[in-house]
Undergrad: 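To start, I am sharing the structure in question, which I have written as structure tokens.
Each residue takes its place number in the sequence, starting with 1. The structure presented is a predicted model; accordingly, all values stated were derived computationally and were not measured.
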Amino acid sequence: TNKWIHWWMVGFIEAEGCFCVRSNNKLSFSVGQKNDMHLIEFVKHFFKMPNKIQHRQTTNMYVIEGSKRSMLKTVICFFQTHPFLGEKKHSFEKFTHVFFTPK
């Protein structure tokens, strides 16, 4: 892949991605985009996410969410190599801390 794609992905996830740490410390990574399934398909393939894309018809929102540990590790490794520069950096750091904390 072209190197610019990697930095484009960082910016896109900064704006549209979510690193979720639930109260029970379950983790998930999700990305959503209104009116553009192809963009979410690209993210799905880029991170090798096994999950199906959800389509919320009332808002025409396309969302992919995953919690499989092997996929989360791929996502974490990518963003450790291509770090966030904005607010997403904080939620990503919390997310990674929980991911690597022994249960």
Undergrad: Working to the nearest 0.5 Å, report the span between CD1 of I64 and CZ of F47.
TA: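 Answer rounded to 0.5 Å: 11.0 Å.
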Undergrad: With a 3.5 Å cut-off and sequence neighbours excluded, list the donor-acceptor pairs that the side chains of residues 7-16 form with protein atoms.
TA:
residue, atom, partner, partner atom, Å
E14, OE1, G86, N, 3.3
E14, OE2, E87, N, 3.1
E14, OE2, K88, N, 3.0

Undergrad: Tell me the closest heavy-atom pair linking C77 and T81, and the distance in Å.
TA: O-OG1, 2.9 Å
Undergrad: So do the side chains of V63 and I53 get within less than 4.5 Å of each other, counting heavy atoms only?
TA: no
Undergrad: Following the transitive rule for hydrophobic clusters with a side-chain heavy-atom cut-off under 4.5 Å over Ile, Leu, Val, Met, Phe, Trp and Tyr, establish whether M61 and M49 coincide in one cluster.
TA: no
Undergrad: Over all heavy atoms of both residues, which pair between Q33 and D36 is shortest? Give the atoms and the distance, please.
TA: CG-CB, 3.9 Å
Undergrad: Mind checking what makes side chain to side chain donor-acceptor pair (under 3.5 Å) contact with E65, not counting sequence neighbours?
TA: R22, S28
Undergrad: Please find the pair of heavy atoms, one from N60 and one from H55, that lie closest to each other, and give the distance.
TA: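 The pair with the smallest heavy-atom distance is OD1-NE2, 2.7 Å.
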Undergrad: List the atom of L72, the atom of S67, and the distance in Å for their closest heavy-atom pair.
TA: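 Taking every non-hydrogen atom into account, CD1-O, 3.6 Å.
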Undergrad: Under the rule for ring-ring contact (aromatic ring centres under 6.0 Å, His included), what residues qualify as partners of F84, not counting sequence neighbours?
TA: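 ring-ring contact (aromatic ring centres under 6.0 Å, His included) list for F84, sorted by chain: F19, F79, F92.
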Undergrad: Find the distance between CZ (F29) and SG (C20) and round it off to the nearest 0.5 Å.
TA: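 Reported value, rounded in 0.5 Å steps: 12.0 Å.
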Undergrad: Distance from T96 atom OG1 to Q80 atom CD, nearest 0.5 Å?
TA: 6.0 Å
Undergrad: Tell me, do I76 and F100 make a side-chain contact under 4.5 Å, heavy atoms counted?
TA: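 I76 vs F100: side chains touch.
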Undergrad: What are the two closest non-hydrogen atoms of K68 and P50, and how far apart are they?
TA: CD-CG, 4.1 Å
Undergrad: In terms of relative ring orientation, are F78 and H82 parallel, tilted or perpendicular, with 30° and 60° separating the classes?
TA: parallel
Undergrad: Roughly how far apart are K94 NZ and H90 NE2, rounded to 0.5 Å?
TA: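 One gets 13.0 Å once the value is rounded to the nearest 0.5 Å.
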Undergrad: Under a 4.5 Å cut-off applied to non-hydrogen side-chain atoms, are V75 and M71 in contact?
TA: yes
Undergrad: Taking K34's backbone N and O only, do any of them form a donor-acceptor pair with R56's side chain (distance below 3.5 Å, no angle check)?
TA: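 Answer holds: no.
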Undergrad: At their closest point, which heavy atom of L27 faces which heavy atom of V21, and how far apart are they?
TA: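 Heavy-atom minimum between the residues: CD2-CG2, 3.5 Å.
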Undergrad: For Y62 and H38, what are the C-alpha separation, side-chain angles and deciding distance, and is it a side chain to side chain contact (heavy atoms under 4.5 Å, CB included)?
TA: CA-CA 9 Å; Y62 294 91; H38 299 294; over 6 Å; no
